[in-house]
Chemist: 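Pasting a structure below so you can have a look.
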Amino acid sequence: MVSATKQVPEPSGPEGPHAPDPAAAKGPEHTDALPAELAALPFRARIWRRRGIIVALRVARLVRVGLSRFFPAMRFLARSVQRRWRRSLQFRTVLTTLLLAVTSFGAVGAYLSNQIANNLFQERLTQAESETRYNVKQVQETFDGAQVTDQSSVITLVYDTLNAVEGRGSVIQRRYVFEAKPEQTKPRNRWVESRASDQLTVSVIPPDLRKAVQDSGKDQYWASTVIPVGTEDRPGIAVGNLVTFNGTVYELYLIYDLNTAQQTLNEIQGVLLAGGAVLVLMIGAIAWYVTRNVVSPVSHAALVSEKLAAGQLQERMVVKGEDEVARLGASFNHMAASLQEQITQLATLSQMQQRFVSDVSHELRTPLTTVRMAAEVLFDARHDFDPINKRSAELLYNQVERFQSLLADLLEISRFDAGVAMLDAEPEDIVQVIAHVIEGAAPVAAEYGSEIILRAPETGIVAEMDARRIDRILRNLILNAVEHGEGKPVTVTVAANQTAVGVAVRDQGLGMTPAEAARVFDRFWRADPARARTTGGSGLGLSIAMEDTKLHNGWLQAWGNKGSGSNFRLTIPLRQGEEIDRSPVQLEPGDIVLPTGHHDGDILVFGPGSGPARGTEPSASDAGLGSGPSGGPGAERNGGPGAERSDGPSEGLATKAAADARVAEGSVGPGLSGARAAARTTPTKDQP
C-alpha cells in the first residue's frame, strides 16, 4: 500500500529549525468517552430508581383509590338492591321468578347435557368396540397367514397391516399403538418392538388398561384417554387386545378420536345455554308485565291512601274494566267517599264544639268574676256569720275558685284545639323554675305530710323553653304526686345530656297499672272515679301538660306500679329545633334510696316535721322555703308548714344567718327564695 505524504516546511526563528512545536508537544487529543459514561452510570441508576419508585407509588395510589371507591360502590349497590327488595313487590316478584327460572333451567340443562354426553359416549364406545374387534381379527389373520422370514419383509408387513387398520384418508378414523408385551424372552429374532401413529407413544395408554390387557387372554378392554393432535389435546377411547406374530405377543391398542362427539356436545350445550337465557329473559318479561298489571293498582291505591291520610280527602282511584282490581278500586273509592263524609261531619262537629266551648268559656268570665268578688266579700266576712252561713260562704268561695280554674283550663284547651297556642322560648335555668314550683307546692305538701326532695346539678341547667308552660307542667306533676303520694316523700330528679334535659317526678304512693298509665293524659280521665278531689283539680291538667310538652317538641311519659308509686318524666330539648336522642333520666325507676353523707350536688327538702330532713345536714336543713328574706307562700320563718324546724336554737339561727348571707350575696335566684341555701351534698348519679 502506497500512501502519499505532504512535506510541511520547518518553522524559522531564533530557536532554529529543530525547535519543538508546542502543539506537537501536547500530543494527540483523547476522544474516548467511556470513562465519562461509566462515571454517569450511578447517577442514571439513581434517576431510574427514583422514577420507578414514583411510578410504583402512583400505581399503588390508583389501586388504593380504586379499592376505596369500589367497595363503597358495592355496598351502595347492595343497599339499593336491599331497599328495593323491601319496598317493591314487583321487583321482589320478578327477581324471585328469575332466580327460580335460572335455577330450574340450570338443573334441567345440566341433566340434559349429562344425558346427551352419556348417550354420545356410549354410542361411540359401542362403535369403537365393534370396529376394534373386527380390525383385531383381521390383523391376527394377516399375521397368522404371513410367510415372511427376513427383517425387511416383517417390518413391511407390520407397517402395511397397521396402516390398513388406521384407515388413512382425508380423515384418520382411528390411531394405533403397537407394543411388544414386556418380559418376553422368546423368540430372539423378533424385528418389531413397537410402532405407533404420528405423535403417539405408549404413554398415552392408561397404565390400568395396559395391565388389564397384559393379564388377559382373548378379552378386550377399553379406557378413556387424551390424545395429542397437533397443538391440542382431544378426548379419546383406547381399546386394547393381544395379538401374536412369529411367536411374539404384542399389545395392540386402537385409539378413537371423540373430538367430533365433543364438538356436537358443545354445540348442544351452547344451544341449551342460549335457549335457556332467552327463556329466562322471556319469563322475566312476562313476570314483569303480569306483576305490573297486578301491582300497579295496588301501588296506586297505596299512593291514594297516603294522600287521604295526609288530609287530601278528594283523592280517588282510577277504575278501569270490570275485573277484581276494578272492583277493588270501586270499593276503595266508596270507602274513601264514606270516610270523607264522616270526617267532614266530625270536623264540623268538632269545630262547633270548640267554638261553643270557647264562646261559653269566654262569656262566663264576666259573670264569674262578679260572683267571685261577691264570694270573696262573703268569705272575708264569714266570722260574723252563724256556723251554717259561715260554712256556706267557705264552700262558695272554694267552689268558685275551682270553677275559675276549670274555666281557665277550658280556655287553654280551646286555644290548643284551635292551633293558636304559641311557644315563647327563651334560655332559662330549669332548676330555678323547678325550685319556684316546689316553693309554691310546699303548703300542699305540708298539708299531706309529704317531703319534696329535689335532686339537681349545682350549676343549674339552661335550656331554651317557655318558662310559663314548663312551670305549669311541673306544677301539675308535683301536685299530683303529692296528692297521690300517701304522705311519702316525692323526689324530683333533674339531669341533662348533650341534647336534652329531663325531669322525673317520683312518688311512692298508690301507683298505677300500665293501662292506667297509658290513659293518664286523657281529658277528664280519672283512675278512681269515686276518689274525691281535694286539691280542686279540673281533670285537664295532665292534658294541658301534654300539649305544652308537644309545643316544646318534647316527651311526657308516665310509669306506674300498683303499691310502688308512679314516675312522670318530662324531657325537652336543650335547644329548640333539635331532636331528642334519649332522655337523661330513667322512666322506670329503681328503688329510691335517699342519700346520706356528703355529696356534691344539691338536694332541696321541703316538708313538715321536726328535725333535719333525710339526706341533708342539720346545719342546712332549716333553710326550707322560708329562709330567704321574702319567704314563700305558706312558708314560716320559725318553722311553719313550709319549713323545716331545727332541734336547737343555735342551729336554726346559724342556718338562717347563712341563708340570709347567701341571698345578700346574690347567689340565690329570684325564684328560689332561699332554696339554694339548703343542704349541699354529693351529686346524685345521673340516670341513664
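All residue numbers in this chain count up from 1 along the given sequence. These numbers were taken from a predicted model, which means no experiment stands behind them.
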Chemist: Taking CD in E322 as the centre, count heavy atoms belonging to other residues, nucleotides or ligands within less than 6.0 Å. Is the count above 12?
Modeler: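 Open: at most 12 neighbouring heavy atoms sit under 6.0 Å from CD of E322.
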Chemist: Restricting to non-hydrogen atoms, name the atom on V585 and the atom on A495 that form the minimum distance, rounded to 0.1 Å.
Modeler: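 Of all heavy-atom pairs spanning V585 and A495, the closest is CG1-CB, 3.8 Å.
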Chemist: If only side-chain N and O atoms count, and only distance matters, is there a donor-acceptor pair under 3.5 Å linking E578 with T499?
Modeler: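 E578 and T499 do not have a side-chain donor-acceptor pair below 3.5 Å.
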Chemist: Would you confirm whether Y256, through its side chain, and T132, through its main-chain N or O, come within 3.5 Å as a donor-acceptor pair?
Modeler: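 Yes, the answer is positive, given that a donor and an acceptor are paired below the 3.5 Å cut-off.
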Chemist: Counting only heavy atoms from other residues, nucleotides and ligands, does the tally under 6.0 Å from CD of E232 exceed 12?
Modeler: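 Buried by this count: over 12 neighbours within 6.0 Å.
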Chemist: Less than 4.5 Å apart, any side-chain heavy atom of Y159 and any of R195?
Modeler: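 Answer yes - side chains close enough.
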Chemist: For L209 versus A238, what's the shortest heavy-atom pair and its separation?
Modeler: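 Result for this residue pair: CD2-O, 3.5 Å.
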Chemist: Assess the side chains of R79 and Q82: does a donor N or O sit below 3.5 Å from an acceptor N or O?
Modeler: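 Their side chains do not contain a donor-acceptor pair, so the 3.5 Å distance test is not met.
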Chemist: For residues K320 and A326, report the shortest heavy-atom separation together with the two atoms involved.
Modeler: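 Residues K320 and A326, closest heavy atoms: O-CB, 3.4 Å.
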Chemist: Heavy-atom distance under 4.5 Å between the side chains of I255 and I205, does that happen here?
Modeler: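 The answer is yes, as the side chains (C-beta and beyond) meet within the 4.5 Å cut-off.
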Chemist: Looking only at heavy atoms, what is the nearest atom pair of P584 and A500, with distance?
Modeler: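 Reported closest heavy-atom pair: CG-O, 3.9 Å.
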Chemist: Find the distance between CD (E166) and CZ (R174) and round it off to the nearest 0.5 Å.
Modeler: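 One gets 9.0 Å once the value is rounded to the nearest 0.5 Å.
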Chemist: Taking side chain as C-beta onward, heavy atoms only, is Y253 less than 4.5 Å from V204?
Modeler: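 No, their side chains stay 4.5 Å or more apart.
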Chemist: Are L98 and V280 side-chain neighbours, meaning at least one heavy-atom pair lies under 4.5 Å?
Modeler: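 Side chain of L98 against side chain of V280, heavy atoms only: contact under 4.5 Å found.
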Chemist: Rounded at 0.5 Å granularity, tell me how far CD in Q90 sits from CZ in R292.
Modeler: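 Answer rounded to 0.5 Å: 7.5 Å.
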Chemist: If we only count heavy atoms from C-beta on, is the E131 to L254 side-chain gap below 4.5 Å?
Modeler: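 No, every pair of side-chain atoms sits at 4.5 Å or beyond.
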Chemist: E123 and N119: side-chain donor and acceptor closer than 3.5 Å?
Modeler: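 Result is no, nothing qualifies.
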Chemist: Mind checking the CE-CZ spacing from M335 to R316? Nearest 0.5 Å is all I need.
Modeler: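 Rounded to the nearest 0.5 Å, the CE-CZ separation comes to 9.5 Å.
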Chemist: Decide yes or no on side chain to side chain contact (heavy atoms under 4.5 Å, CB included) for V139 and F178, but give the supporting numbers first.
Modeler: CA-CA 11 Å; V139 170; F178 189 71; 5.6 Å; no
Chemist: If you count heavy atoms of other groups shown closer than 6.0 angstrom to CZ of R86, is the number above 12?
Modeler: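 Count over threshold, so yes.
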Chemist: Output yes when a side-chain donor or acceptor of S197 lies under 3.5 Å from a complementary backbone atom of Y176, and no otherwise.
Modeler: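 Yes; judged by distance alone, with no hydrogens or angles, the pair exists.
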Chemist: Distance from S152 atom OG to L157 atom CG, nearest 0.5 Å?
Modeler: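 These two atoms lie 11.0 Å from each other.
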Chemist: Indicate whether the side chain of Q340 and that of Q314 have a donor and an acceptor atom separated by less than 3.5 Å.
Modeler: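 No.
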Chemist: Quick one: closest heavy-atom pair of L265 and A117, and the distance?
Modeler: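 Shortest heavy-atom contact: CD2-CB, 3.6 Å.
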Chemist: Within the supplied structure, the quantity of interest is the number of heavy atoms (other residues, nucleotides, ligands) at a distance under 6.0 Å from M282 CE; does it exceed 12?
Modeler: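 No, CE of M282 has 12 or fewer neighbouring heavy atoms, counting only those of other groups under 6.0 Å.
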Chemist: Are side-chain heavy atoms of L313 and L339 found at a separation under 4.5 Å?
Modeler: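 No. Closest side-chain heavy atoms not under 4.5 Å.
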Chemist: In Å and rounded to the nearest 0.5 Å, what is the CZ to CD1 distance from R175 to I227?
Modeler: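 Going from CZ on R175 over to CD1 on I227, the span is 5.0 Å.
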Chemist: Taking D257 as the fixed residue, which of R234, R124, Q262 is the one that meets the side-chain hydrogen bond (donor to acceptor under 3.5 Å, both in side chains) rule?
Modeler: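 In the set R234, R124, Q262, the residue that makes a side-chain hydrogen bond (donor to acceptor under 3.5 Å, both in side chains) with D257 is R234.
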Chemist: Do the side chains of V319 and N333 get nearer than 4.5 Å, heavy atoms only?
Modeler: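 With C-beta onward as the side chain, the pair touches.
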Chemist: For V192 and Y250, which heavy atoms make the closest approach, and how far apart are they?
Modeler: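 Shortest heavy-atom separation between V192 and Y250 comes out as O-OH, 2.6 Å.
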Chemist: If I take atom CG from residue L125 and atom CD from residue E129, how far apart are they, to the nearest 0.5 angstrom?
Modeler: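 Reported to 0.5 Å precision, the distance equals 4.0 Å.
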